[in-house]
Undergrad: 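Mind having a look at this structure? Questions to follow.
Start at 1 with the first residue, then count along the sequence. Excluded from the calculations below are hydrogen atoms, water molecules and symmetry mates; all remaining heavy atoms, backbone and side chain alike, are included. Note that the structure is predicted; figures quoted are calculated from it, not measured.
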Amino acid sequence: QVQLLESGGGLVQAGDSLRLSCAASGRTFSDYTMGWFRQVPGKEREFVAAISRAGATTYYADSVKGRFSISRDNAVNTVYLQMNSLKPEDTAVYYCAARFGRFASQSSSDFGSWGRGTQVTVSS
């Protein structure tokens with residue numbers, strides 16, 4: 001499995017921007033579809049965004065479309081999540097995830113490797 005380490009979380013105000021990074025190691029990064037999920041206490045992990053192996057195709061949850069942007073740099077084995085116009089409801093722990101091969105669905109069960117998460121808190 002690929003190992004994942006997120007960074008970039010923090011406390012921001014509504015309307016601010018934040019960029020999350022996820023560094024991968026242990027396997028060939030370009031073999032993996034990469035995704036971001038988020039979770040708040042008492043709720044299921046929620047799909048946020050995903051990006052294909054070469055970065056040509058991106059997928060977004062309706063709740064973040066137009067505000068968040070996922071990208072990847074296969075030369076440095078890193079995937080990013082640029083979050084703009086943040087809202088208090090974006091507050092969650094954000095997880096980086098990897099799926100070997102092509103994108104299948106927004107289900108967390110389709111992703112086999114996970115990071116430990118980074119907290120994002122948006123105050124009103």
Undergrad: Hey, does the side chain of Q3 reach the backbone of Q1 with a donor-acceptor pair shorter than 3.5 angstrom?
TA: yes
Undergrad: Locate the shortest heavy-atom distance separating A92 from V40; write the atom from each residue and the value.
TA: CB-CG1, 3.7 Å
Undergrad: Under 3.5 Å, side chain of T78 to main-chain N/O of V76, donor-acceptor pair present?
TA: yes
Undergrad: Does a salt bridge link D90 with K87, judged by any charged N lying under 4.0 Å from a carboxylate O?
TA: no
Undergrad: Are W36 and Y95 joined in one hydrophobic group, where the rule is that I, L, V, M, F, W and Y side chains link up if heavy atoms are under 4.5 Å apart?
TA: no
Undergrad: Please report the closest heavy-atom contact between A49 and L81, naming both atoms and the distance.
TA: CB-CD1, 4.2 Å
Undergrad: For S69, is there any backbone N or O sitting under 3.5 Å from a side-chain donor or acceptor partner on Q82?
TA: no
Undergrad: Name the residue from Q119, R38, Q39, E6 that meets the side-chain hydrogen bond (donor to acceptor under 3.5 Å, both in side chains) definition with Y94.
TA: R38
Undergrad: Rounded to the nearest 0.5 Å, what separation is found between the CG atom of L20 and the CZ atom of F68?
TA: 8.0 Å
Undergrad: Indicate yes or no for a side-chain donor-acceptor contact from N74 to the backbone of R53 under 3.5 Å, with no hydrogens or angles considered.
TA: yes
Undergrad: Find out whether S105 and F47 are in side-chain contact, i.e. whether some heavy atom of one side chain is under 4.5 Å from a heavy atom of the other.
TA: no
Undergrad: To the nearest 0.5 Å, what is the distance between CG on L4 and OG on S113?
TA: 6.0 Å
Undergrad: Of all heavy-atom pairs between V2 and S25, which one has the smallest distance, and what is that distance?
TA: CG2-O, 3.3 Å
Undergrad: Counting only N and O atoms by type, is there a donor-acceptor contact under 3.5 Å from the side chain of Y60 to the main-chain atoms of R67?
TA: no
Undergrad: Do R99 side-chain atoms and T33 backbone N/O form a donor-acceptor pair below 3.5 Å?
TA: no
Undergrad: Quick check: does any side chain N or O of T91 sit under 3.5 Å from a backbone N or O of V122, one acting as donor and the other as acceptor?
TA: yes
Undergrad: Measure up the F103 and Y59 rings against each other and bin them: parallel (under 30°), tilted (30 to 60°), perpendicular (over 60°).
TA: parallel
Undergrad: May I ask you to establish whether R27 and Y32 are in a cation-pi arrangement, using a distance under 6.0 Å from NZ or CZ to the six-membered ring centre and at most 45° from the ring axis?
TA: no
Undergrad: Tell me whether the guanidinium CZ or amine NZ of R72 lies under 6.0 angstrom from the six-membered ring centre of F29 and within 45° of its axis.
TA: yes
Undergrad: Could you tell me which non-hydrogen atom of S17 sits nearest to which non-hydrogen atom of S85, and how far apart they are?
TA: OG-N, 4.3 Å
Undergrad: Report yes if the distance between the aromatic ring centroids of F111 and F37 is under 6.0 Å, otherwise no.
TA: yes
Undergrad: So, for S124 and A14, which heavy atoms are closest and what is the spacing to 0.1 Å?
TA: CA-CB, 4.4 Å
